[in-house]
There are 2 protein chains.
Amino acid sequence: MSLELTPVQTVACCSPLSREPLTESEAEGIVPLLKALGDPVRLRLMSLVASHEGGEACVCDLNDAFELSQPTISHHLKVLHEAGLLEREKRGVWVYYRARTDALSGLAALIGGQAQ
Amino acid sequence: MSLELTPVQTVACCSPLSREPLTESEAEGIVPLLKALGDPVRLRLMSLVASHEGGEACVCDLNDAFELSQPTISHHLKVLHEAGLLEREKRGVWVYYRARTDALSGLAALIGGQAQ
DNA sequence: CTTAAACATCGACAAGTGTAAATATTTACC
DNA sequence: GGTAAATATTTACACTTGTCGATGTTTAAG
């Protein structure tokens, strides 16, 4: 995940996406984030964790929010974690996931600059 | 007239994604955009069009930027168009695509608010 | 009217993905 | 140690998706 912006780029007219064509390697660094969020269950999981009090949520809470099997939720959480969008912390028997808001805002800054 | 704060304003701190859990229907409205951008070729196509002078690009230019067949590029442009990320205009034999920067910034605002 | 060029659509196939059942692993508690 | 609970992993399978070749459609030029 190379979402680094130099000061020069930061003050330019718009988002990196609209400023100049992304290279192949740049695109391949960003795509995993978009793919991870491009599933309704994972997008809702991300939102559930990010909006949860304390900024974190236990897997046990997340399982109950969907009519899906526990392994399926576990799989989606793994995808989000490996994309760098969720942090994972084990406390006792429970596992807590925390949203990487820096990754979210970085991704937003990359795609969302207004034109000119 | 006094300025009252609605409950929404009171809790408003960040992006919709991080403010409260997305509903299933909300997620299914956003996912097509993320899926459309979640492919390296389409992300680069989007960037190519958005960063092109005049804000638009001819398909003929886009074809030359990839070592992919013309039908494949046409397919990807259709996906981006149907997601609402690209406008399509035919002029003579040529077809020009234009980036929907409003859609991009809207998506960015949805996912990218910083915490607190 | 014929031809060529630009772009889209169709059909097919390999690769990727979401899902669940079964099983494994880790931790707490008796 | 034994047992139960919380999560993860494995395996398998149906479904989706990216790609290309072949073909269709539209427009301009001769």
Side-chain angles (χ1 to χ4, degrees), chain A residues 22 24 27-49 52 54 56-99, chain B residues 22 24 27-28 30-49 52 56-99:
Chain A
L22 292 176
E24 186 171 352
E28 285 174 352
I30 302 162
V31 157
L33 295 174
L34 293 164
K35 268 188 178 166
L37 293 176
D39 176 272
V41 174
R42 286 197 294 268
L43 187 62
R44 290 180 63 199
L45 278 172
M46 195 71 203
S47 180
L48 272 170
V49 174
H52 203 267
E56 66 179 15
C58 175
V59 176
C60 54
D61 298 327
L62 302 174
N63 276 326
D64 297 342
F66 299 87
E67 293 188 354
L68 290 171
S69 71
Q70 174 265 320
T72 296
I73 299 298
S74 184
H75 161 70
H76 285 307
L77 289 171
K78 184 180 183 180
V79 172
L80 288 168
H81 174 60
E82 289 181 342
L85 290 166
L86 286 182
E87 279 177 351
R88 185 177 181 279
E89 186 184 353
K90 188 168 186 177
R91 295 206 289 269
V93 185
W94 295 275
V95 172
Y96 292 82
Y97 282 94
R98 177 178 295 271
Chain B
L22 292 176
E24 186 172 352
E28 285 174 352
I30 303 163
V31 159
L33 295 175
L34 293 164
K35 267 188 178 167
L37 293 176
D39 175 271
V41 175
R42 285 198 294 269
L43 188 62
R44 290 179 63 198
L45 278 171
M46 194 72 202
S47 180
L48 271 169
V49 174
H52 203 266
E56 66 179 15
C58 174
V59 176
C60 53
D61 299 326
L62 302 174
N63 277 325
D64 297 341
F66 299 87
E67 293 189 355
L68 291 170
S69 70
Q70 174 265 322
T72 295
I73 300 297
S74 184
H75 161 70
H76 285 307
L77 289 171
K78 184 180 184 180
V79 172
L80 289 167
H81 174 59
E82 289 181 340
L85 289 166
L86 285 182
E87 281 177 350
R88 185 177 181 280
E89 186 185 353
K90 187 167 186 179
R91 294 205 293 268
V93 185
W94 295 274
V95 173
Y96 292 83
Y97 283 93
R98 176 178 296 271

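Labels below follow one simple rule: chain letters A, B, ... track the order of the sequence lines, proteins then strands, and each chain is numbered from 1.
Bracketed by its first and final contacts, the part of DNA chain C lying under 4.0 Å from non-hydrogen atoms of chain B reaches from dA6(C) to dT9(C) in 5' to 3' order.
Atoms OG and CG, on Ser74(A) and Leu68(A) in that order, are 12.5 Å from each other to the nearest 0.5 Å. Thr72(B) contributes atom OG1, which lies 7.5 Å from atom NE2 of His75(B) (distance to the nearest 0.5 angstrom). The line from CG of Leu43(B) to CG of Leu85(B) is 10.5 Å long, rounded to the nearest 0.5 Å.
Screening residues 34-48 of chain A for side chain to side chain donor-acceptor pair (under 3.5 Å), with sequence neighbours left out, gives Arg42(A)-His76(A).
Judged by distance alone, with hydrogens and angles left aside, the side-chain atoms of Arg98(A) form a donor-acceptor pair with the main-chain N or O of Gly54(A) at under 3.5 Å.
Closest approach of Val31(B) to Leu37(A), counting heavy atoms only: CG2-O, 4.3 Å. Closest of all the heavy-atom pairs between Tyr97(B) and Val59(B) is CE1-CG2, 3.5 Å. Closest non-hydrogen pair, Ala27(B) versus Pro40(A), comes out as CB-O, 4.0 Å. Here the closest non-hydrogen pair linking Glu56(A) and His52(A) is O-ND1, 2.7 Å. When all heavy atoms of Leu86(A) and Ala99(A) are compared, the pair lying nearest together is CD2-CA, 3.8 Å.
Backbone-only contact: Tyr97(A) has heavy atoms under 4.0 Å from sugar-phosphate atoms and none from a base.
Looking at residues 58-71 of chain B, you'll see Leu68(B), Ser69(B), Pro71(B) sit with a heavy atom under 4.0 Å from some atom of DNA chain D. The stretch residues 73-84 of chain B touches DNA chain C through Ser74(B), Lys78(B), each having a heavy atom under 4.0 angstrom from the strand.
Position along DNA chain C of the nearest nucleotide to Arg88(B) versus Arg42(A) favours Arg88(B) as the more 5'-ward residue.
For Cys60(A), the side chain to side chain contact (heavy atoms under 4.5 Å, CB included) criterion is met by Cys58(A), Trp94(A), not counting sequence neighbours.
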Which pairs, protein N/O on one side and nucleotides 25-30 of chain D N/O on the other, fall under 3.5 Å?
residue : atom : partner  : partner atom : Å
dT26(D) : O3'  : Lys90(B) : NZ           : 3.3

